[in-house]
Amino acid sequence: MLLVLSWLACAAQEAPALFVDDREALGDVRTTCGTPAKNYIIEVNGGGLALCDFNGDGSLDLLVVDGSTLEREARGEPGFPPRVFLNDGAGHFAPAPEGWAMGAGRWGMGCAVGDVDGDGWLDVYITHWGADQLFTNRDGTGFMNASVRWIPHGGRWGTSAAFLDYDRDGRLDVYVVNYLAFDPKTISPPGGGCTWKGHPVMCGPEGLTPVHDQLLRNNGLMLTERLGFADVSVGAKVRPEEAGFGLGVTTLDYDGDGDTDLYVANDSTPNFLWENQGDGTFKEVGLARGVAYDMNGKEQAGMGVAVGDVNGDGREDLFVTNFSGESNALYLSKGAVSFSERSGPAGLAGPSITRLGWGTALEDFDLDGNLDTFVLNGHVYPQADLFGTDTSYAQAAQLYRGDSKGRFAVEPLIDGPPLVLRASTVGDIDGDGDVDIVAIELDGRVRVFRNQLRRSDKDGPHWLTVRLRSSDGNRFALGGRVWVEWEGGARVREIRTSGGYQSAVEPQAHFGLGKARVARRVRAQWPSGETLELEDVAVDRVLTLERPTSR
C-alpha cells in the first residue's frame with residue numbers, strides 16, 4: 001500500500017501543470033517598480049493589469065499599468081505610461097497603434113474598468129502614487145486622457161479601484177482604495193531601524209500612516225459645466241475613524257438586497273465590508289459579518305481578493321490572499337448576512353502559510369462545474385532568502401482545484417522555477433472556452449499563463465459565458481446577476497470588473513458545466529431589477545443578453 005501511495009504521489013508530481021508560460025503570446029514586455037533592492041515600500045507592490053475588449057472586436061485586449069523609480073521622481077520626471085496590447089483573436093498580443101497611447105502620471109499602480117460616460121465603450125481609471133487618471137474610450141479607436149474633466153484634484157497612494165453604481169442612478173461611480181502616506185524624505189531605508197526576523201528591511205506598512213479610501217460619485221458631464229466625479233466619501237459615510245492600509249477591492253451584493261456593497265482587503269489592519277444602506281450611505285460591517293479577521297480574531301495582511309459561489313448554495317463567498325506566516329482566508333457565506341472563515345477545512349490554509357499571496361481569482365479553470373482558485377506568490381523582502389526566515393523571495397504560484405463540496409487540492413500553477421509575482425487578471429484570451437491568466441512578475445516580464453485544458457466537442461467539458469447589456473448609462477450591467485443550472489450543478493455569478501489585486505476583468509459571468517451539453521436554465525437579473533429566463537440553452541459559446549424593455 002505504501003508503495004502504491006508513493007507511486008501515485010510521484011505520478012501526480014510529474015503530471016504537467018494546467019497552465020503553461022506562453023512566451024510567444026506577448027513577447028518581452030516588462031514593468032518597472034523601483035529597484036530590485038526594494039529599499040522603500042513604494043517599490044514593492046508592482047503595477048496592475050486588465051483583460052477587456054477595448055476595441056469591440058470580441059477578443060480580450062491587455063492593459064498594463066507601469067510604475068517608476070525614486071530617481072525619476074527626484075528629478076521631477078513622470079513615471080512610465082500604461083500600455084495597451086491588442087489581441088489578434090487567437091490570444092497573441094501586439095502593441096496598440098498610436099491612438100491608444102496613454103500619458104504617464106507620477107507612478108502607476110492599479111486600474112479599474114467601466115463605461116463612465118454610458119457610450120457603450122469601456123473606459124479606464126488608473127490609480128497612482130499621485131494624481132489618478134481617467135482615460136475614456138473613443139468608440140474603440142483609442143483612449144483620450146479625460147482626467148482634468150473628470151477627477152477631483154488631489155493625489156494619494158491609490159492601489160486597487162472598483163466601478164459600481166452605488167446609488168442606482170444609471171451612472172458608474174468609482175471606489176478608490178488608498179494605501180498609506182509615503183514620503184521618501186521622512187522614511188528610513190533598510191538599516192534605519194526596521195527589521196524582520198532579525199534582518200534589516202524596508203519600513204512599512206506598520207509604523208506609517210494609513211490613508212482613507214475614497215468614493216467618487218459620477219455626476220456626469222454637461223457641455224457648459226464640469227461635473228465629472230465628486231468625492232462623496234464623507235457624505236456617504238465610507239470613512240471610518242481609522243483608515244486601513246488598503247490593497248484589494250471587489251464589489252458584491254452580499255446581502256441580496258439589490259444594491260452593491262464593497263469588500264476591501266487591508267494590509268495589517270482589519271478588512272472592510274461596506275454595506276450599502278440604499279440611501280446613498282454605507283455602513284462598515286466587517287466585524288459583525290465575520291470577514292474582518294481570521295478565525296482567531298486577528299487581523300491579517302490582505303493583498304488580493306476574489307469572490308464567487310464556492311459551494312453552489314446560491315450565495316457568493318470571499319477569498320483573500322495574505323502575508324507569509326498567515327494562511328489565506330476563505331469566508332463562506334452563512335445564511336443571508338454572515339460569513340464563516342473556513343480556509344482550514346477547505347484545504348486552502350496549510351499550503352499558503354509559507355507563501356505571500358497577491359493576485360487571485362475564483363474561476364472554473366478545468367470546467368468541471370466547480371470553482372477553482374489560484375494564488376500568485378512572492379515576498380516583499382529580498383531578505384527572505386537569508387538564513388532563518390522559513391520562506392523565500394521568489395515563490396511558486398499555486399492552483400487550487402475545487403470539488404463539489406467546496407474543498408480544494410493544491411498543485412503548481414505552472415511548471416518551472418519560483419517567481420516574484422504580483423498582480424493578475426483572468427479571461428479567455430484565445431476563445432477556446434477556458435480561462436487564462438496574465439500576471440506581473442516584479443522586476444521581470446508580464447507573463448501569459450495559457451490554460452492547456454484538453455476538450456472534445458462530444459465529451460466536453462463544456463462551458464457558457466454570459467454577458468448582460470443595457471440601454472441606460474450602466475451599459476455593461478455592473479451589479480447584475482446570472483444564475484445557471486445544468487445537470488449536476490448550479491452557480492450564481494455577479495457581473496463585475498473588480499477583483500484580484502490592482503487589476504480588472506471583462507464584465508461577464510463564466511461557467512464551467514462539466515459534461516452537461518445544455519444549460520437547463522439561465523436566469524439573468526439586471527441592476528434595474530428586470531429579469532430574463534431561458535431554458536435549454538446551447539453551451540460552448542458567449543451568450544449576450546439585452547435588458548428586457550418595459551411593455
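In this text, all values refer to a predicted model and were calculated from it rather than measured experimentally. Heavy atoms only: backbone and side chains are in, while hydrogens, waters and symmetry mates are out.
- Salt-bridge formation is not detected for the pair Asp253/Arg481: no Lys NZ or Arg NE/NH1/NH2 atom is positioned less than 4.0 Å from an Asp or Glu carboxylate oxygen.
- Looking only at side-chain heavy atoms (C-beta outward), Phe449 and Leu376 come within less than 4.5 Å of each other.
- Separating the CZ atom in Arg156 from the CG atom in Leu180 is a distance of 13.5 Å, to the nearest 0.5 Å.
- Between Cys111 and Leu63 there is a side-chain heavy-atom pair separated by less than 4.5 Å.
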List the steps and the verdict of side-chain contact (heavy atoms from CB on, under 4.5 Å) for Gln214 and Asn178.
CA-CA 8 Å; Gln214 297 164 276; Asn178 293 310; 3.2 Å; yes
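- Nearest heavy atom pair, residue Gly140 against residue Asn55, reads O-CB, 3.5 Å.
- By the 4.5 Å heavy-atom criterion applied to side chains, Val29 and Arg83 are counted as neighbours.
- Judged by distance alone, the side chains of Ser324 and Glu326 never bring a donor and an acceptor atom under 3.5 Å apart.
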Show which side-chain atoms of residues 96-106 pair as donor or acceptor with protein atoms under 3.5 Å away, not counting sequence neighbours.
from	atom 1	to	atom 2	distance (Å)
Arg106	NE	Glu73	OE1	3.1
Arg106	NE	Glu73	OE2	3.3
Arg106	NH2	Glu73	OE2	2.8

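- Using a cut-off of 4.0 Å between Lys/Arg side-chain N and Asp/Glu carboxylate O, Glu284 and Arg289 are scored as not salt-bridged.
- Atom CG of Leu362 is separated from atom CZ of Phe374 by 9.5 Å, given to the nearest 0.5 angstrom.
- Counting only N and O atoms by type, the side chains of Asn45 and Gln502 include no donor and acceptor under 3.5 Å apart.
- When the options Trp274, Phe282, Tyr175 are evaluated for a ring pair (Phe, Tyr, Trp, His ring centres under 6.0 Å) with Tyr166, the one that passes is Phe282.
- The minimum heavy-atom distance between Thr127 and Ser160, with the atom names listed, is CG2-O, 4.2 Å.
- Classified by interplanar angle (parallel below 30°, tilted 30° to 60°, perpendicular above 60°), the ring pair Tyr125/Phe229 is perpendicular.
- Checked options Thr373, Leu399, Leu371; the residue passing with Phe365 is Leu399 (criterion: side-chain contact (heavy atoms from CB on, under 4.5 Å)).
- The aromatic rings of Trp196 and Tyr381 lie tilted to each other, with the angle between the two planes from 30° to 60°.
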Would Leu442 and Cys33 count as a side-chain contact (heavy atoms from CB on, under 4.5 Å) if you check the C-alpha gap in whole Å, the side-chain angles of each, and the deciding distance to 0.1 Å?
CA-CA 7 Å; Leu442 195 65; Cys33 191; 4.0 Å; yes
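- For the 3.5 Å distance criterion, the side chains of Arg422 and Tyr501 fail to qualify, holding no donor opposite an acceptor.
- Taking all atoms of both residues into account, the shortest heavy-atom contact from Asp115 to Arg475 is OD2-CG, 3.4 Å.
- Side chains of Tyr254 and Glu275: a donor on one and an acceptor on the other come within 3.5 Å.
- Here the straight-line distance linking atom CG of Asn322 with atom CG of Asp294 works out to 8.5 Å at 0.5 Å rounding.
- Between the side chain of Thr209 and the main chain of Ala181, no donor-acceptor pair closer than 3.5 Å is present.
- Here the straight-line distance linking atom CG of Asn474 with atom CG of Leu172 works out to 4.5 Å at 0.5 Å rounding.
- Under the salt bridge (Lys or Arg N to Asp or Glu O under 4.0 Å) criterion, Arg355 pairs with no residue, sequence neighbours left out.
- Note that CG of Asn377 and OH of Tyr393 are 13.5 Å apart. Values are rounded to the nearest 0.5 Å.
- Taking the side chain as every heavy atom from C-beta outward, Leu273 and Asn271 never approach each other to under 4.5 Å.
- Residues Phe163 and Val116 form a side-chain contact, since some pair of their non-hydrogen atoms from C-beta on lies under 4.5 Å apart.
- Using a 4.0 Å cut-off between a side-chain N of Lys or Arg and a carboxylate O of Asp or Glu, Asp21 and Arg447 qualify as a salt bridge.
- Looking at heavy atoms from C-beta onward, Asp173 lies out of side-chain contact with Leu216 at the 4.5 angstrom threshold.
- Checked by atom type, the side-chain pair Asp372/Tyr400 shows no donor-acceptor distance below 3.5 Å.
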Using the rule given for side-chain contact (heavy atoms from CB on, under 4.5 Å), can you reason through Asp66 versus Thr32, listing the C-alpha separation, both sets of side-chain angles and the distance that settles it, and then say yes or no?
CA-CA 6 Å; Asp66 210 340; Thr32 299; 4.0 Å; yes
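- Ion pairing of Asp443 with Lys38 is present here, as a side-chain N (NZ or NE/NH1/NH2) and a carboxylate O approach within less than 4.0 Å.
- No side-chain heavy atom of Leu51 sits under 4.5 Å from any side-chain heavy atom of Val426.
- The heavy-atom pair separating Ser498 from Ala162 by the smallest distance is CB-CB, 3.5 Å.
- Looking at His92 and Glu24, their side chains never bring a donor and an acceptor atom within 3.5 Å of each other.
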Are Leu332 and Val310 close enough, and set up right, to give a side-chain contact (heavy atoms from CB on, under 4.5 Å), and what steps lead you there?
CA-CA 8 Å; Leu332 289 181; Val310 169; 4.2 Å; yes
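- Side-chain atoms of Phe143 and Val124, non-hydrogen and from C-beta on, do get closer than 4.5 Å to each other.
- Distance check: Ser68 OG to Trp129 CH2 gives 8.5 Å after rounding to the nearest 0.5 Å.
- The pair Asp167-Arg217 meets the salt-bridge criterion, since a charged nitrogen lies less than 4.0 angstrom from a carboxylate oxygen.
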